[in-house]
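Read through the structure below, which is laid out as structure tokens, and then see the notes.
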Amino acid sequence: MIGSSRTPSGRPGPTSANPDLALAYAADDGSFAVYNDYSSGHETIRPGSEAEGSRDVVATWRRTSDAWRVRPAAPVEAVEGYGVFTFPYGPISMGVPESGRFDVRTYGERILALSPVAGYKSRRILSSVCGQTVSDAALRIERLAGNFSAAHVAAFLSAAESATGASVARGELWVRALAQELQRIYNHIHVIARVAEAASQNVGTAQAHALAEEMLRVQGSVFGHRWLFGALLTSGPRRRLDPAERRALGGTLKRHAEAFERLWELFLGSRTFVDRIQSTCVVAPSVARDWGAVGPTLRACGIAWDDRLRVPTSPYTDLFLDLPQESSGDALARLLVRAHEVRASFLLIEQLLDRWPVTPEALEAPPSSLASSRGLGRVESPSGDLVYDVTVSRDRVVSIGMRSASQANFPVFALGLRDGVFTDFHFAWESFGLVFAEVDG
Amino acid sequence: MPTWIGQAVRNGIVTTRYPEVPASESEIPPTGRPPVPTQGPNSLRAGVSLCPVGAISERAVDQGKCIRCARCLPGGFEFLGPVEAAVLTRSALAAEESPGALSRPIPPLAPLSRSLHVFLVDAGSCNACNLEVLALTNPLYDSQRLGIFFTNSPRHADVLLVVGVPTDEMVEPLRRAYDALPAPKAVVAVGVCAISGGAFAGIEGLHDSLDQLLPVDVYVPGCPPAPVNVLDGLLRATGRGRRT
Ligand code: SF4
Ligand code: SF4
């Protein structure tokens, strides 16, 4: 995912930073590669790896004259012939409210090839935080992708803490988990609503959006901010998590969990909805593995990888987490996985609230060191494995790299739609939960 | 057997009565209101060094820059400003008399006193502003009851609603979208990224304010503004905003 912060033209890359971060690598021309290696247990972090040409490079994001494009490492057969043309979809379209583009190769309805084009909304965030204090940098990191803010800040802070050796109070780790699980529930319900919208399920869409809105209100009432900006920072808005407030939160979430079950039962009972998303944009397990898919996209292909189970950190080490997989790899499977995860997250929050740590801990700040030290932070964001690689010196960010779930999953989405029809586009797009902001950085 | 109709009846009416009645606490989290100094000039003096984006001066808080991070609260600020914080000029967001200045009645933009068709453009957002704007169509806000509709084509729109800090790459698409709107038209800047660059002000390759690129008619502060804040901005364009 990440690489050097500057392209030859002197402009920052989509995600800048550590030239030696193996998770992604920027070549001299500014391209950068996405790595994954499931054969060795999905060890995506392998400092010192060689870049392109390595068997583990699954796709590159390449700078062209006007933007970044996904280019698969394996050659993709070019399709030519009478009536075959390419049309750009985006960067502004209401179907995909974020700014980004897809170059669609087609001869009519059938999609022969799809090339996502990113970079329209690159805010150069990672390069911009180099030199800032960790707490100032966090203000920009949480705004890298607003709907995944808790995951990004948690991964960033955990990388910085691992670099400096700072200990974190147990209560703060529980707050981070609570915020992330709330945001996961919101995102999954939002994705379900967007897929339903694409399928013209008007009543279901309205009700799913209403429930997603209720989750934003919960976040606003607990953390003072609907998108959890500042929620993980001690300087952020006041949290409402005293015992009575935690009890009230538990009651509210119980009602929302029941409302979700009723809603999901209705969706599964709608033949038109299920028919529309079944067999749409299928990702085979081998494709998911070879191309480095993560998150619900990966688990919908029957591959059981979730950072909360495979590389657990506190408090997940103390909690029960049940994560069933699906195997068909289609849009329906991705939604079924998300629905399972909504349930699992409600259950995780119930456990967190029941066993909330009560004793405040006095922690010693580590001595501020002049020497640079490097740390990695990794969390399961709503769309999958998210990794930060941060080097810190005297509480300032020296360099930073990041590999987001969207960066990993975009190539798989593009492949899954090959040979599909354009009417599948929106079901497929929404079912992946991809975010251009997370690619552009 | 559960049915969609049964579920709808069970849920009852969920739509807000805003702007007929004030926004409720659940509709507006603390950060949906601008921070105001609670100890006058002392707060402002203390706030200058606390604010990470330079929104606080010894004279006032520039709401067009405030990212609602809460760092100034220990210096004597509270999120107590009005929900109705949208204004028609950039300077009004930094007025010394704020927050009172934010709640003055606003005359309608002459040609837009009835229904609005809105075309949304993301010029470089984190996605939160987009999602707050699109939330207006969910049943809890139901912007259509107020004559506010989202359209898929700029050709059918009266309002270009822009979120995000404009990147170099989005300048041209943004201008083309603006040109495609038929006259009369208005531009509404939603979120401090579009107003001042917000948390990203000063980064090379970004345009710190939309009004350097397009004529902005309504400014809606916040990071992001909550749906009722956005509703207030759109209603103010029509002169129908709630008076505080
Ligand atoms: S909330 Fe944050 S950005 Fe706003 S005035 Fe206070 S310190 Fe500045
Ligand atoms: S104003 Fe805040 S919420 Fe809106 S796009 Fe900018 S960073 Fe995101």
Side-chain angles (χ1 to χ4, degrees), chain A residues 11-12 66-67 91-95 97-99 119-125 128 136 139-140 143-149 190 193 203-204 206-207 209-210 212-214 216-217 219-221 223-227 229-230 233 235-238 259 262-263 265-266 269-270 435-438 440, chain B residues 1-5 7-8 10-11 14 25-32 52 67-71 73 79 119-132 134-135 137-141 150-153 164-165 167 169-170 173-174 177 198-200 203-206 223-224 226-227:
Chain A
R11 301 176 56 175
D66 62 341
I92 299 177
S93 73
M94 281 304 276
E98 276 197 286
S99 290
Y120 283 98
K121 43 190 280 185
S122 170
R123 289 158 293 158
R124 292 81 170 161
I125 292 175
S128 82
D136 281 353
L139 295 176
R140 283 186 174 164
R143 288 164 174 81
L144 193 145
N147 50 328
F148 300 154
S149 61
H190 175 75
V203 182
Q207 297 197 9
H209 276 309
E213 168 69 23
E214 294 291 0
L216 290 177
R217 292 182 179 190
Q219 295 181 167
S221 100
F223 288 106
H225 195 286
R226 285 161 58 89
W227 300 88
F229 294 174
L233 309 176
S235 61
R238 287 181 196 111
R262 287 194 297 274
L263 194 59
E265 188 186 348
L266 285 164
S270 165
V435 171
F436 271 110
E438 223 193 12
D440 288 346
Chain B
M1 197 179 100
T3 62
W4 286 117
I5 299 288
Q7 171 88 341
R10 178 192 183 112
N11 289 348
V14 295
E25 203 184 313
S26 69
E27 288 161 357
I28 278 287
T31 51
I67 59 172
R68 312 274 166 99
C69 69
R71 282 208 194 161
L73 302 196
F79 291 116
F119 186 70
L120 168 66
V121 174
D122 170 4
S125 84
C126 71
N127 222 14
C129 273
N130 299 17
L131 291 167
E132 291 293 48
L134 293 174
T137 61
N138 82 39
L140 281 85
Y141 300 104
F150 287 85
T151 162
N152 288 338
S153 164
V165 54
T167 62
E169 291 79 1
M170 282 305 293
L174 197 51
F200 309 111
I203 296 179
E204 186 195 346
L206 306 182
C223 182

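These values consider heavy atoms only, across backbone and side chains, with no hydrogens, waters or symmetry-generated copies. We name chains A, B, ... by the order of the sequence lines, and we start the count at 1 in each one.
- Checked by atom type and distance alone, the side chain of A:H225 pairs as donor or acceptor with a backbone atom of B:C223 at under 3.5 Å.
- Between chain A and the options B:I28, B:T3, B:V14, the largest number of non-hydrogen pairs under 4.5 Å is found for B:T3.
- Inter-residue side-chain proximity for B:P29 and A:F223 is flagged as unmet; no heavy-atom pair is nearer than 4.5 Å.
- One finds the OH atom of B:Y141 at 3.5 Å from the CD atom of A:E213 (value rounded to the nearest 0.5 Å).
- The greatest number of non-hydrogen atom pairs below 4.5 Å with chain A, out of B:V121, B:L120, B:L73, B:L131, is found for B:L131.
- In this structure, the portion of B:P52 lying under 4.5 Å from any heavy atom of chain A is its side chain and not its backbone.
- Separating the CZ atom in A:R217 from the CD atom in B:E25 is a distance of 12.0 Å, to the nearest 0.5 Å.
- Heavy-atom distances place no part of A:S221 under 4.5 Å from chain B, backbone and side chain included.
- B:T167 contributes a side-chain N or O that, together with a main-chain N or O of A:Y120, makes up a donor-acceptor pair within less than 3.5 Å.
- Taking NE2 from A:H190 and CG from B:N138, the interatomic distance works out to 11.0 Å, rounded to the nearest 0.5 Å.
- Proximity to chain A involves both the backbone and the side chain of B:I67, based on heavy atoms less than 4.5 angstrom apart.
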Exercise for the section: Output, in order, the C-alpha distance, side-chain angles, deciding distance and verdict of side chain to side chain contact (heavy atoms under 4.5 Å, CB included) for B:L206 and A:R124. Expected result: CA-CA 9 Å; B:L206 306 182; A:R124 292 81 170 161; 4.0 Å; yes
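- Residue B:T151 touches chain A through its backbone alone, counting heavy-atom pairs closer than 4.5 Å.
- Ranked by heavy-atom pairs shorter than 4.5 Å toward chain B, the options A:A259, A:G204, A:S149, A:A193 are led by A:G204.
- For B:T31 (side chain) and A:G224 (main-chain N/O), a donor-acceptor pair under 3.5 Å exists by modelled atom type.
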| query | What's the verdict on side chain to side chain contact (heavy atoms under 4.5 Å, CB included) for B:R71 and A:L139, showing C-alpha distance, side-chain angles and the deciding distance? | reply | CA-CA 11 Å; B:R71 282 208 194 161; A:L139 295 176; 3.5 Å; yes
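- Across A:E265, A:H209, A:Q207, the residue that shares the most heavy-atom pairs under 4.5 angstrom with chain B is A:Q207.
- Heavy-atom distances place the backbone of A:L144, and not its side chain, under 4.5 Å from chain B.
- Note on A:P237, A:A437, A:A212: by heavy-atom pairs under 4.5 Å with chain B, the leading option is A:P237.
- For chain B, the nearby part of A:L216 is the side chain; its heavy atoms alone come within less than 4.5 Å.
- Residue A:E214 touches chain B through its side chain alone, counting heavy-atom pairs closer than 4.5 Å.
- Proximity to chain A is limited to the side chain of B:N130, based on heavy atoms less than 4.5 angstrom apart.
- Contacts of B:A199 with chain A are made by both backbone and side-chain atoms, with heavy-atom separations under 4.5 Å.
- The side-chain heavy atoms of B:C126 and A:R123, taken from C-beta on, include a pair separated by under 4.5 Å.
- The side-chain heavy atoms of A:I92 and B:F119, taken from C-beta on, include a pair separated by under 4.5 Å.
- Ranked by heavy-atom pairs shorter than 4.5 Å toward chain B, the options A:G230, A:P91, A:P97 are led by A:P97.
- Comparing B:G164, B:A135, B:P173, B:S125 by how many heavy-atom pairs each has under 4.5 Å with chain A, the most go to B:S125.
- Using a 3.5 Å distance cut-off with no hydrogens or angles, the side chains of B:E132 and A:W227 do pair a donor with an acceptor.
- With a 4.5 angstrom heavy-atom cutoff, B:A177 touches chain A only via side-chain atoms.
- Top candidate by heavy-atom pairs under 4.5 Å with chain B, chosen from A:A145, A:G146, A:G220, is A:G146.
- Distance check, rounded to the nearest 0.5 Å: OG of A:S122 to CD1 of B:I203 gives 9.0 Å.
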